[in-house]
2 protein chains.
Amino acid sequence: MEEFEVEKALSGEIDEETLFIVTQTFKALGDPTRVRILHLLFQKECSVNEIAETLDIRQSTVSHQLRFLKNLRLVKYRRAGTTLYYSHDDEHVMLILKKMIDHACHS
Amino acid sequence: MEEFEVEKALSGEIDEETLFIVTQTFKALGDPTRVRILHLLFQKECSVNEIAETLDIRQSTVSHQLRFLKNLRLVKYRRAGTTLYYSHDDEHVMLILKKMIDHACHS
DNA sequence: TCTTTATATGAACATATTAACATATACGCA
DNA sequence: TGCGTATATGTTAATATGTTCATATAAAGA
């Protein structure tokens, strides 16, 4: 460990890697389109087209955002023929999302 | 309520205002500088200069971000002469931040 | 193999965000 | 009133982000 890292640790600072994961995850939840998608997947597994039609978003947009969420392991999918059914893949983050929604509702 | 809003409500979609608050709040947590500031304020009340020096960020950057956080009522301050002591102002959001940090650490 | 359907990808564009600099304001004190 | 310190603000430039269009890929079935 470098000297400045020791200083940071002693001062109670978050280590860089953790900070990166935390901010990336919050960033994922900081966009309306992604929150709407996750909220939908909270209720049920959906194909890409179902998501696009239900939320009235273009297919390519949905696909791009799903890739974003997939990279962060926030969603997963199973294949059935040509159809991909997406579902959420991080209970903890979904719980945090739910809490924030409740918090925002009752404020 | 408009017709399309009824449809959204029945379909379990988040209402627009809640969605806005939720995403704004997560956006606040989606930036390394702001997370570092909040994490510091989680530990103790700090003046603007203390924050800037402790985290090695320019004073004007800190001030800008504090205004951002203040607008969302995530921080507050008290004045002592020319010095402003900032502290966090949303227990619930701070708890969510803490949970996410723990989650990221142990993964 | 050809076609159809479902999904992914790449490039381009518009917009949003961030940090930096310079400067302004506010307060306390001589 | 004038000065020094602490903080805020306006502006700008660099970068990041989100959506769209056009197109590519992949699987299933005739």
Side-chain angles (χ1 to χ4, degrees), chain A residues 16 19-41 44-89, chain B residues 14 16 19-41 44-87 89:
Chain A
E16 212 172 315
L19 184 63
F20 181 75
I21 297 173
V22 167
T23 53
Q24 279 299 113
T25 308
F26 279 133
K27 218 169 271 186
L29 302 175
D31 175 75
T33 302
R34 288 190 291 266
V35 167
R36 292 175 71 207
I37 291 174
L38 286 174
H39 186 253
L40 181 59
L41 295 183
K44 67 183 187 74
E45 186 188 57
C46 281
S47 74
V48 177
N49 272 335
E50 275 172 1
I51 298 172
E53 283 163 28
T54 305
L55 303 182
D56 193 31
I57 309 172
R58 287 173 203 287
Q59 178 267 322
S60 101
T61 301
V62 172
S63 185
H64 278 298
Q65 299 296 10
L66 284 173
R67 181 167 59 173
F68 186 109
L69 296 171
K70 184 80 173 49
N71 285 337
L72 292 174
R73 297 168 199 278
L74 262 36
V75 302
K76 63 178 189 285
Y77 64 80
R78 71 178 172 87
R79 179 180 285 278
T82 63
T83 303
L84 303 186
Y85 289 97
Y86 278 83
S87 54
H88 59 88
D89 196 29
Chain B
I14 310 173
E16 212 173 314
L19 184 63
F20 183 75
I21 297 174
V22 167
T23 53
Q24 279 298 114
T25 308
F26 279 133
K27 216 170 269 184
L29 302 175
D31 174 76
T33 302
R34 287 190 291 266
V35 167
R36 291 175 71 208
I37 291 174
L38 286 174
H39 185 253
L40 181 58
L41 296 183
K44 68 182 184 74
E45 187 189 56
C46 281
S47 74
V48 177
N49 272 335
E50 276 173 1
I51 297 172
E53 284 164 28
T54 305
L55 303 181
D56 193 32
I57 310 172
R58 289 174 202 283
Q59 178 268 320
S60 93
T61 301
V62 172
S63 186
H64 277 298
Q65 299 296 10
L66 285 173
R67 182 168 59 174
F68 186 108
L69 296 171
K70 184 79 173 50
N71 285 337
L72 293 173
R73 295 169 200 277
L74 261 38
V75 302
K76 62 177 190 287
Y77 64 82
R78 70 178 172 88
R79 180 181 285 277
T82 62
T83 303
L84 302 186
Y85 289 97
Y86 278 83
S87 54
D89 196 30

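Order of the sequence lines sets the chain letters (A, B, ...), proteins ahead of strands, with each chain counted from 1.
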Requested in this report: Establish, for the pair A:Arg79 and A:Tyr85, whether the NZ or CZ atom is under 6.0 angstrom from the six-membered ring centre and no further than 45 degrees off its axis.
Outcome: no

Query raised in the report: Which listed nucleotide (C:dT18, D:dG18, D:dA27) is nearest to the side chain of B:Asp31?
Result: C:dT18

Measure [atom1]/[X] against [atom2]/[N] and give the value in whole Å, please.
| X | N | atom1 | atom2 | answer |
| --- | --- | --- | --- | --- |
| A:Leu66 | C:dA6 | CG | P | 16 Å |
| A:Lys27 | D:dT15 | NZ | P | 15 Å |
| B:Arg36 | C:dT18 | CZ | P | 15 Å |
| B:Arg58 | D:dT11 | CZ | C1' | 16 Å |
| B:Glu50 | D:dT7 | CD | C1' | 14 Å |
| A:Arg79 | D:dT25 | CZ | C1' | 10 Å |
| A:Gln24 | D:dT17 | CD | C1' | 12 Å |
| B:Tyr85 | D:dA8 | OH | P | 13 Å |

Report summary line: In A:Asp31, A:Thr54, A:Ile51, A:Ile57, the residue satisfying side chain to side chain contact (heavy atoms under 4.5 Å, CB included) with A:Arg36 is A:Ile57

With heavy atoms under 4.0 Å as the rule, sort [X] into base, sugar-phosphate or nothing.
| X | result |
| --- | --- |
| A:Gln59 | base |
| A:Tyr77 | nothing |
| B:Ser47 | sugar-phosphate |
| A:Thr83 | sugar-phosphate |

Closest contact, heavy atoms only, [X] versus [Y]:
| X | Y | result |
| --- | --- | --- |
| A:Leu72 | A:Ala28 | CD1-CB, 3.6 Å |
| B:Leu69 | B:Ile37 | CD1-CG2, 4.3 Å |
| B:Leu41 | B:Tyr86 | CD2-O, 3.5 Å |

Any side-chain N or O of [X] less than 4.0 Å from the OP1 or OP2 oxygen of [N]?
| X | N | result |
| --- | --- | --- |
| B:Ser60 | C:dA22 | no |
| B:Gln65 | C:dT17 | no |
| B:Tyr86 | D:dA6 | no |
| A:Ser63 | C:dA8 | yes |
| B:Thr61 | C:dA20 | yes |
| B:Asn49 | D:dT7 | yes |
| A:Arg67 | C:dA8 | no |

Report task. Would you indicate whether the side-chain heavy atoms of A:His88 and A:Lys76 approach each other to under 4.5 Å? Result -> no

Query raised in the report: Any stacking of B:His64 on D:dT9, going by centres under 5.5 angstrom and planes within less than 30 degrees?
Result: yes

Report summary line: Walking DNA chain D from its 5' end, the first of A:Arg34 and A:Thr82 to be reached, judged by nearest nucleotide, is A:Arg34

